[in-house]
Amino acid sequence: MLRTTTCGQLRTEHVGQTATLCGWVDSYRDHSGVLFVDLRDRYGKTQVVFGPESGADVQEVARSLRSEYVISVTGAVAARPMGTSNPKLATGEIELRATRLEVLNKSVTPPFQPGSIDTPNEDLRLKYRYLDLRRPRMQQTLLLRHRMIKAMRDYFDEHDFVEIETPMLGRSTPEGARDYLVPSRVHKGSFYALPQSPQLYKQILMVAGYDRYVQVARCFRDEDLRADRQPEFTQLDLEMTFVEADDVIGIIDGLVARLAKQLLGRDIPTPLPRMTYDEAMERFGHDAPDLRFGMELIDVTDIAREAEFRVWRGAADGGQRVRGINAKGAAANYSRKGIDDLTAWLTQDFGVKGLSWFKVEESGTLASPIAKNFAAPLLAKIAQRLNAEPGDLLLFVADTFPITCKALYALRKRFGEELKLYAPGSMHCSWVVEFPMFAYNEEEKCWAAMHHPFTAPRPQDAPLLASDPAACRAQAYDLVINGLEAGGGTIRIHDQTLQQQVFGLLGIDAEAARERFGFLLDALEFGAPPHGGIALGLDRWVMLFDGLDNIRDCIAFPKTQKATDLMTSAPGAVEAKQLRELGIKIDSPAK
RNA sequence: GGGGACGUAGCUCAAUUGGUUAGAGUACCGGACUGUCGAUCCGGUGGUUGCGGGUUCGAGUCCCGUCGUCCUCGCCA
């Protein structure tokens, strides 16, 4: 070992000992007669002192040290002189009085300093990721990530889960997200697909009798990125045999409580609350509601039917909905212009035709350009329904149910942030259950699976498959943390006949089903047990547990929004020879 | 594919309504300093304002295009 101690280790109890530290020069302060160097490694920072007793030679080398030089220092651990301890450092009571100094490696002047307070722009951080990852904040996150994965593995091991790896090179399935494809050299013109999730393999493992499977699984989806979406991400994937939805939910409840306690020192009572999909859409307009604050969606369609206001009345009479939210005390926060901006945003992003609004005046009356279109008793009804108080801002959308959901969900989310309706560190976990089996695809004029085609309907809803697919509910459950889908799973179909019926509804005929999932259908015929599972979005969990607002900060080497890696410049061109071997011709050459 | 924000010194930012030689902090270089810890003090280097066009007497500022980063809609079973 080149060191005896890390930079986060020494305390007053070590005073008098000799220690050798290695690390990066975080900062240096040259006072001529005495020099200070803060030495950093991932364990912390220790102040190293080069005084007269260090010797002229050592002092001279110390004077040449610059940011990010890698050095090894030996010296005596000493208590700092009275009044010079630094409470900001864990090692702030002591310092290392250097007697030996070796520069292990120099550094060119870094484009930004890992020890600096301000964070550089993200493109720079990504290009020099090795410098960015030296920042204590990043190290904290990656260490939390490690501890989380470790705790998860321990937890599942205690519950008899077996970790089994599944292939990265699989076959493409047209359902779901766009696949990342890998060309086959041996079979020219054929492609592997990187897994979107190990879904089919884990089901096969249940058929194979492994009873409880878990995997930290890398998954790939070639879709456009978001703050909480990367093309390459990690799932904590699991599957269980002889279980019902409650069993899977119960296991995850236990995991959530364990991790919150172990990683955050926080008590989360279980069982976690549950809400049906229908209730979530009605009360919050979304299947992953942020329950850290209220501001629920309120329906006023019945009131709209009596209104003079044509926009409302027309919508209500036409079978659409009029719903709104009460932004408590926000009337003063949003000027006429501010509300116009909200309207423009909702029009652009969600296709609403307009935004109706009222400000509640001191007298309790509703003020708005559209107020004249409402008889006084109706205004009173609206005020009462929304629990309006002076200073409140009431906003309404009159449109189809899906559009009112999207627009009001977005408004509610935005108000939650802008009006600071929840404490910064707060965390709320819950389940949304009883998802519909199918969503009708208007463009393709066909049913699509809400989760995936292997999801089992609730037993009591199985007859609806034939009569009313829209009403058929799945044995599906999503874990929601702070308004983010943190995981989702289902009980699977283990019966061949039922599976065929669902394929039929999805427009997958027998031949196509055999072509794509023949191996699974075969497996279902060989004594497939009832089974179900869930996949947790591990990157998102880290993000939520660490109070971050984007997934890139939870991943050591993430991609940009255009799915490139600024450090390695991936993706890049390949040699013509490589393409020839694969039998691939490029249509439009890369720039 | 659509909408939006941003791009100025190595870095973080400023620059009035289009108007003189584009500034500050920090980093970097040199000097001073024996207890600092975001050290301090003195001096200095550092700029094709992302790139390309255009409008104008004059463009960091306005317009068009393009590249990059981010946010977002579509998309993400």
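Every chain is numbered from 1, with letters handed out A, B, ... down the list of sequences.
Looking at heavy-atom distances under 4.0 Å, A/Ala449 makes contact with sugar-phosphate atoms alone, never a base. Residue contacts for A/Pro111: at a heavy-atom cut-off of 4.0 Å it reaches the sugar-phosphate backbone alone, with no base atom in range.
For the pair A/Trp24 and A/Glu68, the tightest heavy-atom approach, listed with the atom from each and the gap, is CD1-O, 3.6 Å. Among all heavy-atom pairs drawn from A/Gln500 and A/Leu521, the shortest one is NE2-CD1, 4.2 Å.
Other residues, nucleotides and ligands place no more than 12 heavy atoms under 6.0 Å from the CD atom of A/Glu60. The local environment of NZ in A/Lys353 is crowded, with over 12 non-hydrogen atoms from other residues, nucleotides or ligands closer than 6.0 Å.
Look at B/G52: its Watson-Crick or wobble partner, with both distances under 3.5 angstrom, is B/C64. Searching all strands for a Watson-Crick or G-U wobble partner of B/A5 with both distances below 3.5 Å returns B/U69. Using Watson-Crick or G-U wobble geometry with both donor-acceptor distances under 3.5 Å, B/G25 finds its partner in B/C11. With a cut-off of 3.5 Å on both pairing distances, the Watson-Crick or G-U wobble partner of B/U40 is B/A32.
Remark: A/Lys406 in residues 401-415 of chain A come within less than 4.0 Å of RNA chain B through at least one heavy atom.
Judged by atom type and distance alone, A/Asn86 reaches the base of B/C37 through a side-chain donor-acceptor pair under 3.5 Å. No donor-acceptor contact under 3.5 Å links the side chain of A/Asp349 to the base of B/G74. Contact annotation: side chain of A/Gln561 to base of B/U72, donor-acceptor pair present below 3.5 Å. Residue A/Arg221 places no side-chain atom within donor-acceptor reach of the base of B/C75, judged by atom type and a 3.5 Å distance cut-off alone. A donor-acceptor contact under 3.5 angstrom links the side-chain atoms of A/Glu95 to the base of B/G35.
Of all nucleotides listed (B/G2, B/A27, B/U36), B/A27 comes nearest to the side chain of A/Gln113. In this structure, of B/C73, B/G3, B/C76, it is B/C73 that holds the atom nearest to the side chain of A/Phe350. Minimum atom distance to the side chain of A/Leu566 is reached by B/U69, of the listed B/C76, B/U69, B/G35. For A/Arg97, whose side chain is taken as the heavy atoms from C-beta onward, the closest listed nucleotide among B/C28, B/C71, B/G35 is B/G35.
Listed pair A/Asn121 / B/C70 fails the phosphate criterion, with no side-chain N or O lying under 4.0 Å from OP1 or OP2. Note on A/Arg552: a side-chain N or O is less than 4.0 Å away from OP1 or OP2 of B/C71. Listed pair A/Arg226 / B/C73 meets the phosphate criterion, a side-chain N or O lying under 4.0 Å from OP1 or OP2. Of the side-chain N and O atoms in A/Thr560, one or more sit less than 4.0 angstrom from OP1 or OP2 of B/U69. For the pair A/Ser85 and B/C37, the criterion of a side-chain N or O lying under 4.0 Å from OP1 or OP2 is not met. Side-chain N/O atoms of A/Lys88 include one lying less than 4.0 angstrom from OP1 or OP2 on B/G38.
Atom CD of A/Gln235 is separated from atom C1' of B/C76 by 12 Å (rounded to the nearest Å). Atom CG in A/Asp132 sits roughly 14 Å away from atom C1' in B/U69 (whole-Å rounding). A/Glu122 places its CD atom 12 Å from the P atom of B/U12, with the value rounded to the nearest Å. Across the protein-nucleic acid pair, A/Glu68 atom CD and B/C28 atom C1' stand 15 Å apart, rounded to whole Å.
B/C33 and B/C42: their C1' atoms are spaced 12 Å apart (whole Å). Rounded to a whole angstrom, the distance from the P atom of B/C75 to that of B/A5 is 24 Å. B/A27 and B/A39 have their C1' atoms separated by 15 Å, given to the nearest Å. Separating the C1' atom of B/G50 from that of B/C6 is a span of 12 Å, rounded to the nearest Å. Between the C1' atoms of B/C62 and B/U17, the separation comes to 12 Å (whole Å). Look at the P atom in both B/C11 and B/U48: the space between them is 12 Å, to the nearest Å. Comparing the same atom, C1', in B/G53 and in B/A15 gives a spacing of 25 Å after rounding to whole Å. Taking atom P on both B/A59 and B/U12, the two are 28 Å apart, rounded to the nearest angstrom.
The aromatic ring of A/Phe112 does not stack onto the base of B/C11, failing the criterion of a centre distance under 5.5 Å from the six-membered base ring together with planes under 30° apart.
Of the possible donor and acceptor atoms, none in the side chain of A/His31 sits under 3.5 Å from a partner among the backbone N and O of A/Gly33. The closest donor-acceptor contact from the side chain of A/Lys45 to the backbone of A/Cys7 lies at 3.5 Å or more, if one exists at all.
Looking at which nucleotide of RNA chain B each of A/Asp549 and A/His452 is closest to, the 5′-most match is held by A/Asp549. Take the nearest nucleotide of RNA chain B for A/Lys559 and for A/Thr119: the residue whose nucleotide is more 5' is A/Thr119.
Using a cut-off of 4.0 Å between Lys/Arg side-chain N and Asp/Glu carboxylate O, A/Arg29 and A/Asp38 are scored as salt-bridged.
The shortest side-chain heavy-atom distance between A/Tyr213 and A/Ile204 does not fall under the 4.5 Å cut-off. Side-chain contact between A/Gln235 and A/Phe233 is present, with heavy atoms from C-beta onward closer than 4.5 Å.
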Working for ring-ring contact (aromatic ring centres under 6.0 Å, His included), residues A/Phe415 and A/Tyr334: CA-CA 11 Å; A/Phe415 285 142; A/Tyr334 295 90; 5.2 Å; yes

Worked check of side-chain contact (heavy atoms from CB on, under 4.5 Å) between A/Arg412 and A/Asp290: CA-CA 9 Å; A/Arg412 177 177 179 271; A/Asp290 190 338; 4.1 Å; yes

Could you pull out the protein-nucleic contacts involving nucleotides 39-46 of chain B (nitrogen or oxygen on both sides, under 3.5 Å)?
unit_1, atom_1, unit_2, atom_2, d
B/A39, N6, A/Asp30, O, 3.0

